[in-house]
Amino acid sequence: MMNKVFSKRVLRDLRDNFPRWLALFLMIVMGMYIVTSVVGAAETIITESRRTASKNRVEDGEFTTFFPLTKEQEEVLAETGVKLERKFSVDISMGDGSALRLMKQRETVNLIEIDKGRLAKEMGEIVLEKRYCEEHGYLVGDGIHIAEREFAIVGIGTTPDYDQPIRSLSDMAAESALFGTAFVTAEQYQEIAVSDGRRSEDYTYAYRLEAGKGEEDVKRELKALLPEEKKAEMLTAFVTADRNPRILAAAGDMVMNKEMGLIAGAVVMALFAYVISVFVVHQINREAAVIGTLYALGAKKKEILAHYIMLPALVTLVGGIIGAAFGFSKFGAARQMRESYGYFSLPAFDTVCPAYLVIYAAVVPPVLSIIVNLLMLNRRLSKTALSLMRNEQKASKLLCVKLKDGHFVRNFRIRQTLRELRASVTVIVGLFVSLLVFMLGLNCYVLCENVKIESLNSTTFAYRYQLKYPQEEIPEGAQACYTESLSRTERGYTLDVSVIGIGADNRYFDIKPADSENSVVIGKSVAEKYKLAKGERLILTDSADEKDYTFKVEGICDYAVGLAVFMDIDAMRSLFGRESGYYNTLLADEPLAIDEGRIYAITKRSDVERSAHVFTKMMWPMITMILAASLVIFFMVMYLMTGVMVSRASFGISLVKIFGFRTKEIRSLYLDGGAVTVALGALISILPAKLLIDAVYPYAVANVSCGLNLHFSWYFYPLIFAGIVLVYLIVIAFWTRKINKISPAEVLKNRE
């Protein structure tokens with residue numbers, strides 16, 4: 001009989017308080033949607049890209065030589081347990097300003113994953129990389145003009161060694177509109193690369209190791225094969241797969257998303273649990289007389305506990321399930337993966353639904369709700385039936401605080417705020433959590449915009465030529481520099497840092513480095529990335545020679561294109577053992593007449609301009625989702641807690657209506673005081689939220705070769721504050737209409 005009564009009360013409670021339960025339900029749905037969509041997308045990219053890389057026999061590492069190894073040298077390496085695959089390439093300039101890196105189809109390492117079509121089988125057939133095709137609108141069956149030849153596109157696919165299709169390992173970002181890879185038969189490649197000697201060929205070898213072999217073994221065997229006097233010149237680069245920014249870059253990027261998504265989900269769920277506890281405690285206090293009557297009629301404590309726990313548990317269970325369903329749908333994880341598909345070169349993956357994430361989204365919210373409510377309700381339901389029927393409440397010491405004589409409205413608001421301290425604290429906590437989420441999204445946007453602006457400001461040249469064979473005479477109108485690529489490992493990621501040697505008369509860089517082999521002027525992006533200041537030490541590594549270089553930071557300049565440091569060119573030549581006058585980089589305002597065979601790569605300022613927008617384009621969907629989620633969370637918390645305040649004050653509101661107070665005056669007494677709480681909470685929370693997110697954000701972009709300028713203009717702060725106040729005013733406008741519906745007869749319902 002009692003169970004039947006409780007069942008009817010659950011339905012009636014849901015009907016009578018439907019807007020509040022709906023708001024709570026939407027909070028759970030939104031929270032679980034965010035967690036499952038972000039983490040589900042991350043888990044899919046991580047799991048599937050690793051599986052695909054393994055299936056396609058991704059390399060264990062690669063090395064580049066100035067001249068190709070002889071067949072005998074390759075055979076000696078193979079006998080020591082090193083399986084080699086030539087990945088020689090030539091870069092072909094296309095008519096639209098982009099470049100295609102042409103290679104022969106792989107046979108044993110870094111196999112092509114075909115998305116559409118098939119591999120090339122004959123002369124005149126070509127397979128293009130997926131992202132390049134998307135940017136240029138190429139389809140299987142189309143024709144393409146490359147290296148003065150016509151090719152038929154027979155396949156579109158991806159390779160695991162160009163997961164992030166960047167042209168150089170030191171590039172800050174991938175821009176597939178400007179660069180892609182292409183694969184032809186071995187015979188076709190030989191015809192283009194060898195018979196056409198105008199182009200510079202890159203001699204890179206990918207390797208896979210047999211069990212028991214390691215990186216050091218490869219280096220040792222390789223160096224043993226090279227002539228002693230030519231080792232430094234012959235081995236120009238040596239990169240293991242775990243340090244290669246092209247390999248499993250999407251998985252590395254998603255690891256941060258996964259961890260941050262789970263942490264954010266835990267914080268949001270803790271907020272949900274606290275909101276639910278406040279809501280249910282208020283309900284217990286409001287229905288204390290009913291509960292006391294039920295006790296007197298023989299109801300058991302555990303039955304009443306189960307009754308009050310049931311509805312929050314059901315709401316959170318259904319909300320978690322629906323949120324997870326949306327998160328795993330095409331509107332969730334699949335939508336989030338568009339960012340990765342629009343940037344990285346990946347095959348199409350089926351969404352992964354890991355068991356832990358399903359449990360996290362569908363089981364944890366109701367379990368957490370049950371635990372919190374048990375803890376909060378157990379003590380309150382331990383009172384005697386008579387105490388509950390009288391609705392005896394323990395007076396808070398805060399309500400006994402003496403206030404100075406003064407304005408009645410001001411003192412009333414203070415008393416009301418103290419009376420609703422639990423709800424006020426919840427609003428402030430919810431505001432802080434929402435601001436953390438908001439600042440995360442805002443930092444994404446600010447960083448992308450700052451990188452774009454600073455990259456364009458730092459690029460003062462119109463053309464940059466990276467040379468393989470520099471000519472004796474510097475072309476007229478060009479400025480010579482010397483560039484070496486070293487690396488630095490921090491937070492588990494190895495990134496390339498360009499060391500640029502410049503002369504005192506260099507017109508493209510307003511930098512005057514000291515004539516010293518042990519000091520550098522670092523770009524601001526390096527200073528921000530590695531938190532370096534003038535006078536500190538910077539250690540960079542040459543992975544090919546297994547040598548560390550320690551430099552003293554003599555200054556910081558405004559250069560922010562990728563990660564770069566500057567030295568005096570003569571000191572740099574001496575440090576790296578180059579002859580006087582050596583250079584390998586030319587900067588110019590106009591195109592230079594240089595043989596293609598001497599050129600590694602050409603970078604135009606227009607290329608930098610296009611690449612500078614890639615971060616904002618890639619991150620925009622994530623930014624908008626995060627900002628919208630923070631707004632929804634704050635709105636819902638504000639709505640629920642203000643509703644609790646209004647409900648608790650319904651007797652007082654009814655009473656003052658009898659005394660003739662108008663709606664405007666009632667709002668001033670019971671609601672406008674909350675504006676002070678929200679305003680103070682915003683003032684207290686905005687800056688700490690910004691500082692906290694600034695502190696953790698570097699870990700989220702540890703794998704990106706860019707600076708960390710997270711500064712935004714001062715006017716953002718008052719705009720954020722105004723936005724918070726606006727949300728509060730919208731909520732107050734809604735609850736003001738509810739106040740109008742409170743009847744003066746409410747007083748009669750609460751008499752003893």
Side-chain angles (χ1 to χ4, degrees), residues 168 170-172 450-467 470 474-475 477-488 495-540 542 549-576 578 580-590 592 601 603-605 607-609 611-612 705-709 711:
S168 170
S170 60
D171 283 354
M172 182 171 58
N450 286 342
V451 166
K452 178 175 69 176
I453 294 169
E454 291 174 350
S455 295
L456 293 176
N457 291 341
S458 298
T459 307
T460 54
F461 54 82
Y463 294 86
R464 180 179 65 195
Y465 294 82
Q466 195 69 30
L467 306 177
I474 298 174
Q479 194 85 50
C481 304
Y482 171 30
T483 305
E484 288 284 352
S485 184
L486 303 180
S487 64
R488 180 180 172 94
L495 301 176
D496 277 14
V497 177
S498 296
V499 184
I500 304 174
I502 59 175
D505 60 344
N506 194 297
R507 63 179 180 271
Y508 295 104
F509 301 108
D510 187 18
I511 305 167
K512 307 296 180 186
D515 184 11
S516 169
E517 296 181 12
N518 302 314
S519 65
V520 293
V521 175
I522 64 175
K524 66 180 299 184
S525 54
V526 174
E528 293 165 351
K529 188 77 173 180
Y530 300 118
K531 300 188 185 310
L532 294 171
K534 183 178 180 179
E536 295 184 341
R537 301 287 174 180
L538 171 65
I539 300 176
L540 300 176
D542 186 336
Y549 295 89
T550 301
F551 302 101
K552 180 182 178 181
V553 178
E554 64 170 287
I556 300 173
C557 63
D558 287 334
Y559 191 79
V561 180
L563 303 176
V565 301
F566 296 86
M567 291 184 66
D568 176 79
I569 191 169
D570 291 324
M572 186 171 169
R573 289 165 179 156
S574 175
L575 177 65
F576 290 99
R578 299 292 187 177
S580 176
Y582 176 82
Y583 67 93
N584 60 5
T585 304
L586 291 173
L587 306 177
D589 294 325
E590 302 292 338
L592 301 176
T603 303
K604 304 175 185 176
R605 191 177 193 279
D607 297 340
V608 176
E609 290 176 355
S611 297
S705 297
C706 71
L708 286 170
N709 184 0
H711 173 76

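Computed from a prediction, not measured in an experiment: that's the story for all the values here. What's counted below: heavy atoms across the whole structure, side chains too, no hydrogens, waters or symmetry copies.
- Looking at every heavy atom in both residues, A588 comes nearest to A478 through CB-CA, 4.4 Å.
- Annotation for T460 and D589: closest pair O-OD1, 4.4 Å, computed over non-hydrogen atoms.
- For the pair Y465 (side chain) and L592 (backbone), a donor-acceptor distance under 3.5 Å is present.
- In terms of the side chain to side chain contact (heavy atoms under 4.5 Å, CB included) criterion, residue partners of I569 (sequence neighbours excluded) are, by chain and number, Y482, R573.
- Side chain of S516 to main chain of N518: a donor-acceptor pair is present (N/O by atom type, distance under 3.5 Å, no hydrogens or angles).
- Using a distance-only test at 3.5 Å, with no hydrogens or angles considered, a donor-acceptor pair links the side chain of S458 to the main chain of D558.
- Partners of T459 by side chain to side chain contact (heavy atoms under 4.5 Å, CB included), not counting sequence neighbours, listed by chain and number: F461, V561, R605, V608.
- Taking CZ of F576 as the reference point, atom CD of E517 lies at 9.5 Å (rounded to 0.5 Å).
- Here the side chain of E590 pairs no donor or acceptor atom with the backbone of G477 at under 3.5 angstrom.
- Atom CD1 of residue I500 and atom CZ of residue F509 lie 5.0 Å apart, to the nearest 0.5 angstrom.
- Distance alone, capped at 3.5 Å, is enough to place a donor-acceptor pair between the S525 side chain and the G562 backbone.
- N506 places no side-chain N or O within 3.5 Å of a backbone atom of Q479 that could act as its donor or acceptor partner.
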